[in-house]
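Reading through the structure tokens given below for one structure.
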Amino acid sequence: MSETDLKEIDSKALLEIGNSTTIEDLENLRLKYLGRNGVITKIIKELRSLPQDERPKVGSEVNALKDKITLEIGNRKGSLSGKRAETEDGIDITLPGIATNPGSIHPVTQVIDEICGIFSSMGFRIVDGPEIDTEHYNFEVLNIPLEHPSRDAFDTFYIRKDILLRSQTSNIQGRVMEKEKPPLRILAPGRVYRPDAVDASHSFMFHQIEGFMVDKGIRFSDLKGVLDVFLKKVFGERIKTRFIPHYFPFTEPSAEVEISCMLCSSSGDPGPGKDCKVCKGAGWLEVLGSGMINPRVFKMVGYDSQKWTGFAFGMGVERIAMLKYGIDDIRLFFENDLRFLEQF
Ligand code: DAH
């Protein structure tokens with residue numbers, strides 16, 4: 001069996017398939033080439049008598065030809081039966097349909113899902129809190145008394161006296177702790193609102209994820225361990241994390257968590273890349289607020305702070321998404337331009 005023989009069979013078969021006008025013709029051609037005593041079947045049977053060194057080459061050529069003829073017969077069958085349908089009831093079933101765009105999951109939702117997944121695997125329960133809440137849960141329980149200057153940091157939309165759009169998902173802390181006893185591991189994603197002028201890094205509505213854990217003997221090292229594991233899962237094992245002293249009314253001590261810039265310090269050894277678009281040369285990026293839950297918060301919800309300790313943390317979802325995907329304008333998340341959304 002030479003290559004020219006195969007080529008001849010190839011062109012003859014294709015010609016015959018192309019000229020066939022009925023499904024019966026095609027069935028006969030299938031039998032002629034691929035049936036039990038078909039041309040191709042016979043060649044395959046005869047392969048055994050070929051010298052050993054020729055077998056693999058001829059074998060693969062014959063197989064390729066077999067596939068080709070099978071495909072051509074199938075295609076021709078499709079167009080012949082289509083034609084028949086068209087003549088019978090005027091519908092051309094071979095015309096391709098109109099594809100619907102199934103859409104994709106919004107990048108903010110994707111990041112929330114990913115973060116919830118990571119914390120679920122560490123035993124955290126995902127809970128939901130109200131976006132319209134009272135001053136009590138948004139402020140008082142969190143040790144942010146009325147007239148206290150720290151309220152300025154959480155500028156708030158009021159609906160009426162005492163009722164507001166939550167400015168932080170931390171409102172979940174008091175809601176859960178007043179109802180449930182430790183041990184607790186809670187994660188709460190959701191929308192928050194602040195009267196900020198909209199620009200590339202501010203929006204009057206954005207998303208936060210709050211997390212906290214309360215148990216016997218929880219220490220700052222637990223907070224560091226959990227957040228380090230979490231941030232490495234989101235930004236890659238090569239980043240480093242560091243904890244900078246900070247102030248939040250509801251945690252004591254408090255820390256801001258930073259990661260080494262994954263763009264200019266991808267070696268894991270932070271060293272400022274002066275022109276880095278992401279960290280602007282700092283080498284580090286702030287990603288989270290955190291700390292040990294203030295005993296005053298425990299007192300407010302009726303927990304014995306001699307018995308229980310805990311940590312809490314909060315992060316902006318859009319900020320995490322912007323760093324993760326290299327997005328430089330928060331407004332892109334809310335404009336719903338398909339050219340942007342389709343990339344996720
Ligand atoms: N609620 C804070 C904010 O809106 C974020 C935060 C910081 C939450 C520290 C915490 C925490 O639970 O411990 O900026």
Side-chain angles (χ1 to χ4, degrees), residues 112 115 119 124-127 129-131 133 135-145 148-157 164-177 182 184-196 201-215 218-228 230-231 241-259 285-298 300-301 303 305 308-320 322 330:
I112 291 176
I115 294 174
F119 279 99
F124 282 70
R125 175 160 52 99
I126 316 294
V127 302
E131 287 173 33
D133 209 350
E135 278 194 314
H136 174 73
Y137 291 111
N138 198 73
F139 290 125
E140 259 108 60
V141 144
L142 295 163
N143 189 37
I144 315 175
H148 192 277
S150 59
R151 280 212 190 181
D152 297 350
F154 306 96
D155 254 3
T156 305
F157 283 116
L164 44 76
L165 292 179
R166 69 173 170 195
S167 57
Q168 45 182 346
T169 43
S170 308
N171 71 332
I172 202 67
Q173 286 196 23
R175 290 197 159 266
V176 172
M177 287 194 264
L184 289 172
R185 273 181 243 184
I186 301 291
L187 196 78
R191 291 191 186 91
V192 298
Y193 303 82
R194 291 183 192 179
D196 280 333
S201 49
H202 293 88
S203 167
F204 50 81
M205 185 282 290
F206 56 101
H207 297 76
Q208 281 189 337
I209 298 182
E210 179 83 8
F212 64 95
M213 177 168 183
V214 184
D215 207 334
I218 299 291
R219 297 176 302 178
F220 198 86
S221 52
D222 296 306
L223 165 67
K224 287 181 84 173
V226 166
L227 293 183
D228 190 71
F230 157 64
L231 290 167
T241 54
R242 69 178 188 185
F243 292 71
I244 312 287
H246 200 78
Y247 172 75
F248 294 106
F250 29 87
T251 43
E252 183 58 38
S254 304
E256 218 158 50
V257 188
E258 298 186 346
I259 57 169
L285 300 158
E286 183 215 315
V287 287
L288 281 162
S290 69
M292 299 306 288
I293 298 177
N294 194 320
R296 285 170 179 244
V297 174
F298 282 153
M300 224 95 64
V301 297
Y303 285 4
S305 58
W308 306 107
T309 51
F311 63 75
F313 55 90
M315 68 191 100
V317 178
E318 284 79 5
R319 174 154 176 84
I320 304 270
M322 286 166 85
I330 195 172

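One-based numbering, in listed order, for ligands and for the atoms of each. In what follows, every heavy atom counts, from backbone to side chain, and hydrogens, waters and symmetry copies are set aside.
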Please list, in number order, the atoms of ligand 1 under 4.0 Å from a heavy atom of [X].
| X | value |
| --- | --- |
| G289 | 7 (C), 9 (C), 11 (C) |
| Q208 | 3 (C), 4 (O) |
| A312 | 12 (O), 13 (O) |
| Q173 | 12 (O) |

Next on the checklist: Pairing donors with acceptors under 3.5 angstrom, does anything connect the side chains of Q173 and E210?
Outcome noted: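 Per modelled atom types, Q173 and E210 side chains form a pair under 3.5 Å.
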Atom pair [atom1]/[atom2] of [X] and [Y] - distance to nearest 0.5 Å:
| X | Y | atom1 | atom2 | answer |
| --- | --- | --- | --- | --- |
| I144 | R296 | CD1 | CZ | 12.5 Å |
| F230 | I320 | CZ | CD1 | 5.0 Å |
| D155 | R194 | CG | CZ | 8.5 Å |

Nearest non-hydrogen protein atom, [atom]:
| atom | result |
| --- | --- |
| atom 12 (O) of ligand 1 | E210 OE2, 2.6 Å |
| atom 5 (C) of ligand 1 | G314 CA, 4.0 Å |
| atom 2 (C) of ligand 1 | Q168 OE1, 3.7 Å |
| atom 4 (O) of ligand 1 | R194 NH2, 2.7 Å |

Checklist entry - Counting only heavy atoms, which portion of M315 has something under 4.0 Å from ligand 1: side chain, backbone, both, or neither? => result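 It is neither part, as no heavy atom is under 4.0 Å.
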Item to check | Proximity to ligand 1 by part of S170, non-hydrogen separation under 4.0 Å | outcome: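 Looking at S170 and ligand 1, just side chain atoms fall under 4.0 Å.
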Checklist entry - With M177, which of I186, V214, V141, I172 fulfils side chain to side chain contact (heavy atoms under 4.5 Å, CB included)? => result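 So the option named by the test is V214.
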Item to check | R242, CZ atom: more than 12 neighbouring heavy atoms under 6.0 Å | outcome: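 Yes, enclosed.
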Checklist entry - Any N/O of F250 closer than 3.5 Å to an N/O of ligand 1? => result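 No, F250 has no N/O under 3.5 Å of an N/O on ligand 1.
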Checklist entry - Between F119, F248, F212, F243, which is the residue that forms a ring pair (Phe, Tyr, Trp, His ring centres under 6.0 Å) with F313? => result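 Output: one option passes, namely F119.
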Next on the checklist: Given 3.5 Å as the limit, does a donor-acceptor pair link the side chain of Q208 with the main chain of T169, or not?
Outcome noted: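 Indeed, once roles are kept as given, a pair shorter than 3.5 Å links the two residues.
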